[in-house]
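Worksheet for the structure shown next.
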Amino acid sequence: MTIDGRAVAGDAAFGVVNPATGRVAEHAPDASRAQLDAAMEAAARALPAWRADEDARRKALLAVADLLFARSEEIGRIVTLEQGKPLGEGALEVAGAGVWFKYYAELDLPREIVQDDERALVEVVRRPVGVVAAITPWNYPLLLAAWKLAPALLAGNTVVLKPSPYTPLSSLVLGEALRDVLPPGVLNVVTGGDELGAWMTSHPVPRKISFTGSVATGRRVAAAAAPDLKRVTLELGGNDAAILLDDVDPAAVAGRLFGAAFANNGQVCSAIKRVYVPDALYEDVVDALAERARAARVGDGMTEGVEYGPVNNRPQFERVGELVAEALAGGARAAAGGGPLPGPGYFFAPTILADVPDGARVVDEEQFGPALPVVRYRTVEEAVARANGTHFGLSGSVWGADADRAAEIAGRLECGTAWINTHLALAPHQPFGGFKWSGLGVENGPHGLHGFTELQVVHRARR
């Protein structure tokens with residue numbers, strides 16, 4: 001681990017499984033409570049000097065970006081080993097993390113003047129919250145770490161980072177790589193299981209918890225933060241709906257729909273999780289999606305030419321299988337796929353489900369895997385109501401030849417991002433967050449930076 005700029009071994013260790021084989025590939029340190037205390041204390045000690053020098057922070061973030069660009073293939077192999085995605089996507093994730101650091105290194109921190117007259121000069125400035133506890137998921141271990149680290153560090157905070165126990169290795173390597181880039185204590189990386197996460201959220205040092213993960217864990221994070229009035233940002237997933245209008249060309253959009261549903265093997269919080277299609281186009285859309293699913297190349301991410309790797313971990317692999325089997329037993333049909341692939345590892349055939357009955361959990365819940373239900377609708381009003389009829393509200397999209405009509409309908413979606421004729425169009429300058437159970441607060445853009453700050457009014461009397 002990285003604590004106070006030094007390498008620290010754990011008192012114990014836990015196995016990290018390669019999802020392509022289902023076997024332990026490496027071991028990671030299991031942090032003790034005392035080691036977490038040391039990481040928090042190091043972050044607190046580093047805070048005054050780090051927050052005092054904005055120019056140094058910007059230079060450091062640019063150095064982090066350059067390091068990630070230069071080592072994207074090397075660190076990307078570690079991402080593939082522990083997460084399962086193809087090598088090219090692993091390298092792209094690391095480079096993408098570099099893009100986020102570069103964006104924030106160059107983002108302005110404005111001082112807002114709210115009064116400037118003979119009586120007073122009143123400015124509103126943003127100050128760092130203090131020590132930040134960042135807890136990241138297993139689907140994009142480095143990119144989603146960058147979503148937290150880059151704005152938190154630019155704002156002048158110091159950070160203790162805990163990655164998912166399914167994907168700790170890339171974050172450990174990140175901490176090691178940045179020991180020569182960041183001052184000691186500015187970034188500390190500790191690894192362990194759920195118990196470590198609980199210790200972090202209730203720890204007295206951090207003033208902010210930034211968490212990405214499940215709704216159930218997000219509730220526990222919020223509850224643990226409440227007694228100390230810690231600030232929280234929670235990104236808790238989604239059940240994104242794509243609505244196809246009656247003027248869409250199925251052949252023209254099927255490839256983009258499939259790509260946005262099965263990116264990272266469907267393990268993306270804002271991926272398309274369900275598609276609503278008018279009766280007249282239904283079979284054409286199902287056939288076009290199924291054709292792409294059958295042609296997808298699934299295998300070990302280390303193998304050249306593989307497009308889709310395994311599901312990351314056994315619990316998620318079993319959940320996807322359970323949801324698909326339940327839908328098929330309830331009357332749905334598998335237009336493509338429908339179950340696990342033979343052999344070792346957590347491989348599941350890219351699955352297109354048609355004629356899914358109302359109330360099927362694969363439609364109502366977030367499957368977070370390579371299975372996509374395609375649902376008929378009769379009227380646009382019905383499609384919008386069904387898209388909104390969920391506790392989630394992360395993202396959604398509307399597809400149609402008339403972009404203005406599609407945009408009007410997208411405006412009715414109850415979600416944080418509404419795309420028109422695209423999906424999964426994410427960028428560092430674009431705020432990302434959700435309605436309802438999809439979370440609290442936003443990440444990315446200036447708005448994401450603001451989440452790592454407190455407002456301070458500086459009032460200078462002139463008479």
Show your reasoning for whether side chain to side chain contact (heavy atoms under 4.5 Å, CB included) applies to Val221 and Leu234. CA-CA 9 Å; Val221 169; Leu234 306 175; 3.9 Å; yes
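- Ring geometry for Trp437 versus His391: interplanar angle under 30°, hence parallel rather than tilted (30 to 60°).
- A side-chain donor-acceptor contact under 3.5 Å links Gln430 to the backbone of Ala425.
- Side-chain N or O atoms of Asp247 include one that pairs as donor or acceptor with a backbone N or O of Ala401 at under 3.5 Å.
- With contacts defined as side-chain heavy-atom distances shorter than 4.5 Å, the pair Leu426/Ser270 qualifies.
- Once rounded to the nearest 0.5 Å, the distance linking CE of Met200 with CD of Glu195 reads 13.5 Å.
- We find that Glu283 and Arg333 are joined by a salt bridge, their nearest charged nitrogen and carboxylate oxygen being less than 4.0 Å apart.
- The residues Glu106 and Arg58 are annotated as not salt-bridged, no charged nitrogen and carboxylate oxygen being separated by less than 4.0 angstrom.
- A cation-pi geometry, defined here as NZ or CZ lying under 6.0 Å from the six-membered ring centre and within 45° of its normal, holds between Arg376 and Tyr282.
- Thr201 has its side chain out of reach of Val232: every pair of non-hydrogen atoms, C-beta onward, lies at least 4.5 Å apart.
- Under a cutoff of 6.0 Å and an axis angle of 45°, Lys436 and Phe392 do not form a cation-pi pair.
- The closest side-chain heavy-atom distance from Asn265 to Phe348 is not below 4.5 Å.
- Relative orientation of the Phe262 and Phe258 rings is parallel, given thresholds of 30° and 60° on the angle between their planes.
- For Glu235 (side chain) and Gly213 (main-chain N/O), no donor-acceptor pair under 3.5 Å exists by modelled atom type.
- Counting heavy atoms from C-beta on, the side chains of Arg319 and Arg361 come closer than 4.5 Å.
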Working note: Val375 + Val275, criterion side chain to side chain contact (heavy atoms under 4.5 Å, CB included); need CA distance, chi angles, decisive distance, verdict. CA-CA 6 Å; Val375 184; Val275 181; over 6 Å; no
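- Checked against the 6.0 Å centroid threshold, Phe432 and Trp147 count as a close aromatic pair.
- In this structure, a donor-acceptor pair under 3.5 Å is absent between the side chains of Lys162 and Ser171.
- Asn444 and Trp100 share a donor-acceptor pair across their side chains, judged by distance under 3.5 Å alone.
- Two residues are said to be in side-chain contact when any heavy atoms from C-beta on lie closer than 4.5 Å; Met1 and Leu172 meet this criterion.
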Check step by step if side chain to side chain contact (heavy atoms under 4.5 Å, CB included) holds for Arg126 and His450. CA-CA 8 Å; Arg126 292 191 175 273; His450 295 168; 3.1 Å; yes
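- Residues Asn313 and Trp138 form a side-chain contact, since some pair of their non-hydrogen atoms from C-beta on lies under 4.5 Å apart.
- Using a 4.5 Å heavy-atom threshold, the side chains of Arg207 and Asn157 count as separate.
- Residues Pro370 and Tyr308 fail the side-chain proximity criterion, which asks for heavy atoms closer than 4.5 Å.
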Let's go through Leu372 and Thr351 carefully: what are the C-alpha distance in whole Å and the side-chain angles of both, what is the deciding distance for side chain to side chain contact (heavy atoms under 4.5 Å, CB included) to 0.1 Å, and is it a yes or a no? CA-CA 6 Å; Leu372 179 65; Thr351 296; over 6 Å; no
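- A side-chain donor-acceptor contact under 3.5 Å links Glu382 to the backbone of Arg378.
- Using a 4.0 Å cut-off between charged nitrogen and carboxylate oxygen, Arg274 and Asp240 do not count as a salt-bridge pair.
- Other residues, nucleotides and ligands place no more than 12 heavy atoms under 6.0 Å from the CG atom of Asp194.
- Side chains of Trp399 and Ser397: a donor on one and an acceptor on the other come within 3.5 Å.
- Checked by atom type and distance alone, the side chain of Arg294 pairs as donor or acceptor with a backbone atom of Ala335 at under 3.5 Å.
- Formation of a donor-acceptor pair under 3.5 Å by the Ser438 side chain with backbone atoms of Leu394 is found in this model.
- Ser170 and Glu82 are linked by a side-chain donor-acceptor pair at a separation below 3.5 angstrom, with hydrogens and angles left out of the test.
- The number of heavy atoms from other shown groups lying within 6.0 Å of NZ (Lys230) is above 12.
- Atom CG of Leu424 sits about 8.0 Å away from atom OG1 of Thr422, to the nearest 0.5 Å.
- The backbone N or O of Leu154 lies less than 3.5 Å from a partner atom in the side chain of Arg57, making a donor-acceptor pair.
- Geometrically, Lys148 does not engage Phe452 in a cation-pi contact, judged by NZ or CZ lying under 6.0 Å from the ring centre and within 45° of the ring axis.
- When atom types are taken as modelled, the side chain of Gln83 and the backbone of Lys85 share a donor-acceptor pair closer than 3.5 angstrom.
- Residue Arg77 places its CZ atom among 12 or fewer non-hydrogen atoms of other residues, nucleotides or ligands, all under 6.0 Å distant.
- Look at Glu307 and Arg297 and you find a salt bridge, because one of the NZ, NE, NH1 or NH2 atoms lies within 4.0 Å of a carboxylate O, short of that distance.
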